[in-house]
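The structure displayed is predicted, hence computed values, not measured ones. Throughout, protein chains are lettered first and strands after them, A, B, ... in sequence-line order, and every chain is numbered starting at 1.
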Number of protein chains: 2
Amino acid sequence: MTDMTIGKVADVVGVGVETIRFYERRKLIEQPPRPREGGYRIYSDTTVKRLHFIRRAQELGFSLREIAELLALRDAESNQADASDVRQRAMAKLHDVDQKIDQLRRIRQGLAALVDCCPGQGPLQCCSIFDALEQNAGPTGGPIISEETDMQTIRLSIGGMHCGGCEEIVRHVLEQQTGVKGCSVSHESGEARVAVDESRISDEQLAEAVRGAGYSANIMNTTE
Amino acid sequence: MTDMTIGKVADVVGVGVETIRFYERRKLIEQPPRPREGGYRIYSDTTVKRLHFIRRAQELGFSLREIAELLALRDAESNQADASDVRQRAMAKLHDVDQKIDQLRRIRQGLAALVDCCPGQGPLQCCSIFDALEQNAGPTGGPIISEETDMQTIRLSIGGMHCGGCEEIVRHVLEQQTGVKGCSVSHESGEARVAVDESRISDEQLAEAVRGAGYSANIMNTTE
DNA sequence: TTAGTGCCCGTACCACGGTACGGGGTCAAG
DNA sequence: CTTGACCCCGTACCGTGGTACGGGCACTAA
């Protein structure tokens with residue numbers, strides 16, 4: 001039974017005393033009864049095991065909430081809960097982890113590309129990293145994080161704009177279209193970025209509207 | 001210049017209005033002056049670019065704090081800051097990302113091993129996942145997260161313990177050793193886990209102490 | 001001119017996983 | 001029998017990245 005006080009348990013498991021109390025508040029482990037007439041609480045080996053379980057599961061990427069569920073599953077032993085349930089959760093987590101790895105790999109590619117194309121010396125104005133990051137679709141070849149909203153950003157390549165006035169005209173034309181929530185136009189880059197609800201207007205319709213104002217327009221890509 | 005109010009900017013960039021205000025409070029972007037006698041604030045294209053920069057950098061795994069630093073670097077243009085500084089940060093981040101990927105891969109292995117060895121049906125008592133997680137060094141072959149403290153957990157395989165009394169004796173012996181902060185002993189599993197400051201005692205010394213009490217002892221592995 | 005959006009601003013709140021503090025009580029070694 | 005380390009308990013706070021709310025103006029299309 002190896003009776004221990006909270007500090008010993010913390011040392012053995014490798015967490016702080018406060019962390020154990022925190023887990024108690026979160027109902028991940030139960031607080032041992034205090035001996036009557038005061039004194040220190042005695043922690044059993046079962047609790048130590050439970051703590052090891054929590055730490056290992058955390059290392060495997062389970063959140064405290066998920067761990068609580070796993071533990072509850074076990075505590076309700078001899079119920080209908082069986083091993084397939086646990087296995088399912090582990091597999092779901094495996095899938096999560098795979099997705100995270102994929103995402104990080106994409107991030108890695110983006111970063112590597114940035115590092116590669118940066119001269120690594122000279123004034124900041126020559127640093128291509130800043131330039132790359134200012135584009136709304138950057139070197140990774142698309143957005144890494146997708147939004148769950150209906151809003152999309154459509155990029156148009158526009159020819160024939162020579163000044164701020166042209167910008168103004170194009171902007172006005174775009175903003176008059178159904179489903180357009182906003183846009184930014186630059187005659188320097190020859191681009192427009194349009195925030196739009198794609199269920200209400202297509203990118204081709206947008207391009208057509210711009211052409212109707214006397215400019216050329218091509219769809220560059222879609223953020224979705 | 002494409003003047004926009006905050007809502008348009010939010011739509012174009014793909015964030016919420018509140019988020020933009022939040023970035024203003026965090027000094028990531030500056031709040032445009034409000035026209036005298038009230039009215040709406042007008043956001044410039046520069047701010048929109050800055051927001052795109054923030055989003056992209058976030059997608060690449062930079063925290064808001066780091067992004068603020070990058071932006072400050074750029075704002076202090078024509079100072080001694082140059083492209084190599086930015087490149088360094090990108091490379092450091094690349095390294096971070098590599099480490100995260102490695103860690104996730106180890107997590108993945110652990111999870112996969114867990115899933116493999118679980119029968120996937122039958123009562124919970126047969127589920128090997130729980131058993132595996134209760135060990136303090138699990139199926140991944142070592143701790144995934146290392147602590148920065150001096151404390152280590154040493155596992156000893158102990159032979160000759162037949163009852164709780166034996167546990168008691170072994171525990172007492174171990175706790176008397178220099179540098180030992182706590183331990184848990186089980187005669188069922190024939191194991192002891194000892195929390196110890198390794199700079200003050202070696203695992204072999206611990207094993208020797210147990211042998212001196214009349215039991216056999218072997219070092220199982222070390223958490224460091 | 002009036003209804004309906006949208007902006008302004010301050011403040012409070014969310015999840016997450018802890019950490020810190022303060023005023024006590026308890027325990028064991030010297 | 002004192003001293004120092006440890007425990008108890010409640011409560012407050014940390015950093016991260018936002019979200020929500022509510023009262024009051026501003027703007028615009030019908």
Worked check of salt bridge (charged side-chain N to carboxylate O under 4.0 Å, His left out) between A/Arg105 and A/Asp102
CA-CA 5 Å; A/Arg105 266 209 275 264; A/Asp102 277 357; 3.7 Å; yes

Quick one: A/Arg65 CZ to C/dC14 P, roughly how many Å, whole number?
14 Å

Considering all heavy atoms of both residues, which atom of B/Gly16 and which atom of B/Ala10 are nearest to each other, and what is their separation?
C-CB, 4.0 Å

Heavy-atom distance under 4.5 Å between the side chains of A/Val12 and A/Tyr43, does that happen here?
no

Can you check each nucleotide of nucleotides 18-23 of chain C against protein heavy atoms at under 4.0 Å and return B for base, S for sugar-phosphate only, - for none, in 5' to 3' order?
BBBB--

Please compare A/Gly38 and A/Arg26 by the position of their nearest nucleotide in DNA chain C and report the one closer to 5'.
A/Arg26

What's the CD-C1' distance between A/Glu66 and C/dC16, to the nearest Å?
12 Å

Is there a donor and acceptor pair, one atom on the side chain of B/Tyr40 and one on the base of D/dC27, closer than 3.5 Å?
no

For residues A/Arg108 and B/Asp98, report the shortest heavy-atom separation together with the two atoms involved.
NH1-OD1, 2.6 Å

Nearest heavy-atom neighbours spanning A/Ile67 and A/Ile54
CD1-O, 3.7 Å

Taking the six-membered ring of A/Phe62 (Phe, Tyr or Trp), confirm whether the NZ or CZ of A/Lys93 is under 6.0 Å from its centre and within 45° of its axis.
yes

Give the C-alpha distance, both sets of side-chain angles, the deciding distance and a yes or no for side-chain contact (heavy atoms from CB on, under 4.5 Å) between B/Arg21 and B/Ile6.
CA-CA 9 Å; B/Arg21 292 199 202 292; B/Ile6 196 170; 3.7 Å; yes

Is the count of non-hydrogen atoms from other residues, nucleotides or ligands lying under 6.0 Å from B/Glu69 atom CD greater than 12?
yes

With B/Arg211, which residues qualify under side-chain hydrogen bond (donor to acceptor under 3.5 Å, both in side chains), at least two apart?
B/Glu204, B/Glu208

Over all strands shown, is A/Arg21 touching base, sugar-phosphate only, or nothing at heavy-atom distances under 4.0 angstrom?
base

Measure from the side chain of A/Arg41, starting at C-beta and using heavy atoms only, and say which of D/dC8, C/dC8, D/dC7 lies closest.
D/dC8

In whole angstroms, how far is the C1' atom of D/dG18 from the CD1 atom of B/Ile54?
13 Å

Rounded to 10°, the angle between the first-five-pair and last-five-pair axes of the helix from C/dT1-D/dA30 to C/dG30-D/dC1 is 10°

I need the CG-P distance between A/Asp11 and D/dA5, as an integer number of Å.
15 Å

Could you tell me whether A/Glu24 contacts a base, only the sugar-phosphate backbone, or nothing, with contacts defined as non-hydrogen atoms closer than 4.0 Å?
nothing

Nearest-Å distance, CD1 (B/Ile6) to C1' (C/dT5)?
16 Å

Rounded to the Å, how far apart are A/Met4 CE and C/dC27 P?
18 Å

Spacing between A/Gln31 atom CD and D/dC8 atom C1', to the nearest angstrom:
9 Å

Take the protein atom NZ of A/Lys8 and the nucleotide atom P of C/dC27, then report the distance between them rounded to whole Å.
15 Å

